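Below, chain A is the first sequence line, B the second, and so on; all start at residue 1. None of these values were measured; they are calculated from a predicted model.
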2 protein chains.
Amino acid sequence: MKENITILDIARRSGLSKGTVDRVLHNRGEVSKKSYDKVMRVIEELGYEPNVYASLLASNKQYTIAVLIPDAAPGEFWEISRRGIDLELSTPLSSGMNVVHVGYDQYDGASFSAACRKVLEMKPDGVVLAPMYKSESLAFVGELAAAQIPYAYVDSKLEEDNYLAYFGMPMVQSGQLCADLLTQGHRIQSVLIVRIRRNDEDLYDPNVHRRAGFLDYMLEHCPDCNIHYLFIDPTHPERIDALLSEFHSAHPEVRNVVMFNSRIYLVAPFIEKNYVEGLRVVGFDNLDANVAALKKGCVTMLIAQHPDQQVAQAIQTLSEFITLKKRPARRDNLVHMDILTRYNAD
Amino acid sequence: MKENITILDIARRSGLSKGTVDRVLHNRGEVSKKSYDKVMRVIEELGYEPNVYASLLASNKQYTIAVLIPDAAPGEFWEISRRGIDLELSTPLSSGMNVVHVGYDQYDGASFSAACRKVLEMKPDGVVLAPMYKSESLAFVGELAAAQIPYAYVDSKLEEDNYLAYFGMPMVQSGQLCADLLTQGHRIQSVLIVRIRRNDEDLYDPNVHRRAGFLDYMLEHCPDCNIHYLFIDPTHPERIDALLSEFHSAHPEVRNVVMFNSRIYLVAPFIEKNYVEGLRVVGFDNLDANVAALKKGCVTMLIAQHPDQQVAQAIQTLSEFITLKKRPARRDNLVHMDILTRYNAD
DNA sequence: TTGAATTCCGTGCACGGTAACGGAAATAAT
DNA sequence: ATTATTTCCGTTACCGTGCACGGAATTCAA
């Protein structure tokens, strides 16, 4: 059985009033050192734990958390991330939290800056962000820190020291895992890496670490593997088939295909039309389109994270910090890498 | 911004008092039909949502939930399940919940019955159970239903209609997935299925469904595969090596090994000593011993669930039902099947 | 010593909901 | 018509914490 120790119990035991105990608990001063120590001692003795419900009820404030992630079309990676907001809002402990999504164009640095400014002027109590543009993000979190606003990273993080928490995938390991799944531990002769051509140099692309992990693995386990690259443009999906077709006639022996971003579904149409025996295609993230391709057999395996859960957890961590001043157990939270085949895609 | 509508608002709008509104909200009678309808209409109109914190604070009861799962040694499947209790107790919404584990000997029907009786006489407010013995479990849940005690299944469920929720793995599909990972979509010639010999017939073994899924897959994709069985006794681990060795000399061509329970680690020592090129070993569940074997390379892949999370979720669902009368969104919750290789075993 | 300025602390209401208690109103029994 | 029941509803005291307000106790200035 649990005994409930209240601040009133503490007040009585220390010969003071609950007001004083409260001031001690929240460090809001106006307490003599003697009383402070006394109260602290009693708290220790009785093993006081605050009643979360009463606390939240009494401090009946509305907080707002801004979520700064790109806009995206339905089914895309960032749209799934966005769903994490509703996922979190449906939990009982998030009443009293207003979570607002501040979107921007993933490929437009200016729009990112604008979104940052918008967040700053709404003066939120907490911020969740994916640091897409490095220098701009650094400036932004600097301002947040100056304004005493806690923030959490999702997807990727910056190397600084003021963030409350980070939720993301271990990128290097995900690349290794990808290579392991592709090769199945055997030596393979060749592989095609499909990439998306980028213009903006400041755009921070965490997938480079993934590629590095992949290449590390290959260097160690398949040093003599031919690694081909093919660059495509997602804004012109109709040209992709032609590019793949061209590559396929030039290198008909290639049986392994990977992509390190979330768009493996882009190659699915070509594969569906030109399937060859023994083809292995490995990609990332459980977008609807990717899962559909998986189920059709165009994609062999997907390595998935759960971006919605990451966002939800980030919001939750921030909520607990804001309302209860509770810091997360771990600051860097590496989420599990899910392997999806057509048999466990749910 | 959220406007907070309280029962007092409703009371005022309907010209009644909060006592009456409360009676309506909780269906505890003593309200005329006219008033009832009136209040209900206002609730609809204003879109009232109860304040969870206030509710939990006011009804300041201590509830107890009994968790009826087998005792197990550290690192074993049921011990991981047990950890779900602490996992759940650490969440803020579970204060006021006393969760007690009632253990029994997995392989002893009498001990299971005794545990059931123990649970009944402690009159808990909710029960989480894994229905290990079918007929005995049916009788037990019958008594729970009669006593109006809600209960949730974990791991496997019975075909009856009174349970609040079920959390478990889709067993048939897990068998298919296992086969798919083992064969990698190719035709294989032979496979060894290692099984544990059972004596007790009433013991309900959900793994038969897993085996069925596996065999289904093989029948469809590898109809001419030789399927060998080997029965071992977990209480005499020292004999296992001899049995495997014997099998290996009789069938040296077999390169694929599976087990459908969580004890794949039992074959790891033999494999470590007698590793052959191209061997594939697939098992279930992320026990410490299994993961260790995975990392050493004795096991190729593991299909894992998260028994602790299942138990935690079951407790949470029961808590919400008991305290807030909230039913779960889905009654049958099939957890995701995790595929583990040495690169994502964390 | 007296008054003013601090420092420190207790009191009391609020938060939204629960449920026991008792009384008014409506109905039934005499 | 009067009393006894039953039905229905309002009042009220909590649950444990947050916080504003004002007053007592102490220190400082004169």
Chemist: Between B:Asp37 and B:Lys33, does at least one N-O distance fall below 4.0 Å, as a salt bridge requires?
Modeler: yes
Chemist: Is the base of C:dG17 touched by the side chain of B:Lys18 through a donor-acceptor pair closer than 3.5 angstrom?
Modeler: yes
Chemist: Could you tell me which residues satisfy side chain to side chain donor-acceptor pair (under 3.5 Å) with B:Gln305, sequence neighbours excluded, listed by chain and number?
Modeler: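 Here the qualifying residues are B:Asp285, B:Gln310.
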Chemist: Identify the 5'-most and 3'-most nucleotides of DNA chain D with at least one atom closer than 4.0 Å to a non-hydrogen atom of chain B.
Modeler: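 Under 4.0 Å from chain B, the extent on DNA chain D is D:dC8 to D:dG16.
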Chemist: With each end axis built from five pairs of C1' atoms, what bend angle do you get for the helix from C:dT1-D:dA30 to C:dA26-D:dT5? Round to 10°.
Modeler: 60°
Chemist: Give me the ring orientation class for A:Phe112 and A:Tyr133: parallel if the planes are under 30° apart, tilted from 30 to 60°, perpendicular past 60°.
Modeler: tilted
Chemist: Does any pair with a residue in residues 143-153 of chain A pass side chain to side chain donor-acceptor pair (under 3.5 Å), and if so which ones, sequence neighbours excluded?
Modeler: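 Passing the test, one end in residues 143-153 of chain A: A:Tyr151-A:Glu160, A:Tyr153-A:Glu160.
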Chemist: Check side chain to side chain donor-acceptor pair (under 3.5 Å) between B:Asp308 and all other residues, then give those that pass, not counting sequence neighbours.
Modeler: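 B:Asp308 satisfies side chain to side chain donor-acceptor pair (under 3.5 Å) with no other residue.
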Chemist: Roughly, in whole Å, what's the span from CD1 in A:Ile10 to C1' in C:dC9?
Modeler: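 That distance rounds to 17 Å.
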Chemist: Classify A:Leu25 by what it touches in the nucleic acid, base, sugar-phosphate, or nothing, heavy-atom distance under 4.0 Å.
Modeler: nothing
Chemist: With side chain to side chain donor-acceptor pair (under 3.5 Å) as the rule and sequence neighbours excluded, what pairs involving residues 315-326 of chain A come up?
Modeler: A:Glu320-A:Lys326
Chemist: What salt bridge (Lys or Arg N to Asp or Glu O under 4.0 Å) pairs are there with at least one residue in residues 51-78 of chain A, not counting sequence neighbours?
Modeler: A:Glu76-A:Arg263
Chemist: Check whether any side-chain N or O of B:Ser55 sits under 4.0 Å from OP1 or OP2 of C:dG16, and answer yes or no.
Modeler: no
Chemist: Whole angstrom is fine here: how far is it from NZ in A:Lys38 over to C1' in C:dC9?
Modeler: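 Atom-to-atom, A:Lys38 to C:dC9, this comes out as 16 Å.
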Chemist: Atom CE of residue position B:Met40 - does it have more than 12 heavy atoms of other residues, nucleotides or ligands inside 6.0 Å?
Modeler: no
Chemist: Rounded to the nearest Å, what distance is computed from the CG atom of residue B:Leu324 to the P atom of nucleotide C:dG16?
Modeler: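 In whole Å, C:dG16 P and B:Leu324 CG are 17 Å from each other.
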Chemist: Starting at CG of B:Leu16 and ending at P of C:dG17, how long is that distance when rounded to a whole Å?
Modeler: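 Atom-to-atom, B:Leu16 to C:dG17, this comes out as 16 Å.
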Chemist: In Å and rounded to the nearest 0.5 Å, what is the NZ to CD1 distance from B:Lys38 to B:Ile10?
Modeler: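 Going from NZ on B:Lys38 over to CD1 on B:Ile10, the span is 13.0 Å.
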Chemist: Ignoring the backbone of B:Ile7, work out which of C:dC15, C:dA19, C:dG17 is nearest its side chain.
Modeler: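 The answer is C:dG17, which lies nearest to the side chain.
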Chemist: Check nucleotides 21-26 of chain C for protein N or O atoms closer than 3.5 Å to its own N or O atoms and list the pairs.
Modeler:
none

Chemist: To the nearest 0.5 Å, what is the distance between CD1 on A:Ile7 and CD1 on A:Ile5?
Modeler: 13.0 Å
Chemist: For residues 315-322 of chain A, which residues have at least one heavy atom under 4.0 Å from DNA chain D?
Modeler: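 Contacts with DNA chain D under 4.0 Å: none.
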Chemist: Hey, is the side chain of B:His26 poking within less than 4.0 Å of OP1 or OP2 on C:dT18, counting only N and O atoms?
Modeler: yes
Chemist: Which value, rounded to the nearest 0.5 Å, describes the distance between A:Leu57 atom CG and B:Leu56 atom CG?
Modeler: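 Answer rounded to 0.5 Å: 10.5 Å.
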Chemist: Just how far, in rounded Å, is P of C:dG16 from CG of A:Asn51?
Modeler: 16 Å
Chemist: Between P on C:dG16 and CG on B:Asp9, what's the gap in Å once rounded to a whole number?
Modeler: 8 Å
Chemist: Is atom CZ of B:Arg330 surrounded by more than 12 heavy atoms (other residues, nucleotides or ligands) closer than 6.0 Å?
Modeler: no
Chemist: How would you list, by chain and number, every residue that makes a side chain to side chain donor-acceptor pair (under 3.5 Å) with B:Glu79, sequence neighbours excluded?
Modeler: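 Result, side chain to side chain donor-acceptor pair (under 3.5 Å) vs B:Glu79: B:Arg83.
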Chemist: For residues 39-49 of chain A, which residues have at least one heavy atom under 4.0 Å from DNA chain C?
Modeler: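 Per residue number, the list is empty: none.
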Chemist: B:Asp22 CG to C:dA19 C1': how many Å, rounded?
Modeler: 7 Å
Chemist: Which part of the nucleic acid does A:Lys61 contact within heavy-atom distance under 4.0 Å: base, sugar-phosphate only, or nothing?
Modeler: sugar-phosphate
Chemist: At what distance, to the nearest 0.5 angstrom, does NZ of A:Lys134 lie from OG of A:Ser156?
Modeler: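 One gets 10.0 Å once the value is rounded to the nearest 0.5 Å.
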Chemist: Looking only at side-chain N and O atoms, does A:Asn51 offer a donor or acceptor that is under 3.5 Å from a partner on B:Tyr53?
Modeler: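 Result is no, nothing qualifies.
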Chemist: If a pair satisfies salt bridge (Lys or Arg N to Asp or Glu O under 4.0 Å) and one of its residues is in residues 45-55 of chain B, list it, with sequence neighbours excluded.
Modeler: B:Arg13-B:Glu45
Chemist: Please determine whether the number of non-hydrogen atoms from other residues, nucleotides or ligands lying under 6.0 Å from atom CZ of A:Arg331 exceeds 12.
Modeler: yes
Chemist: Report the distance from atom CG of B:Asn27 to atom C1' of C:dG17, rounded to the nearest whole Å.
Modeler: 16 Å
Chemist: Can you tell me if the side-chain N/O atoms of A:Ser32 get under 4.0 Å from OP1 or OP2 in C:dC9?
Modeler: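 Yes.
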Chemist: So A:Lys33, base contact, sugar-phosphate only, or nothing? Heavy-atom distance under 4.0 Å.
Modeler: nothing
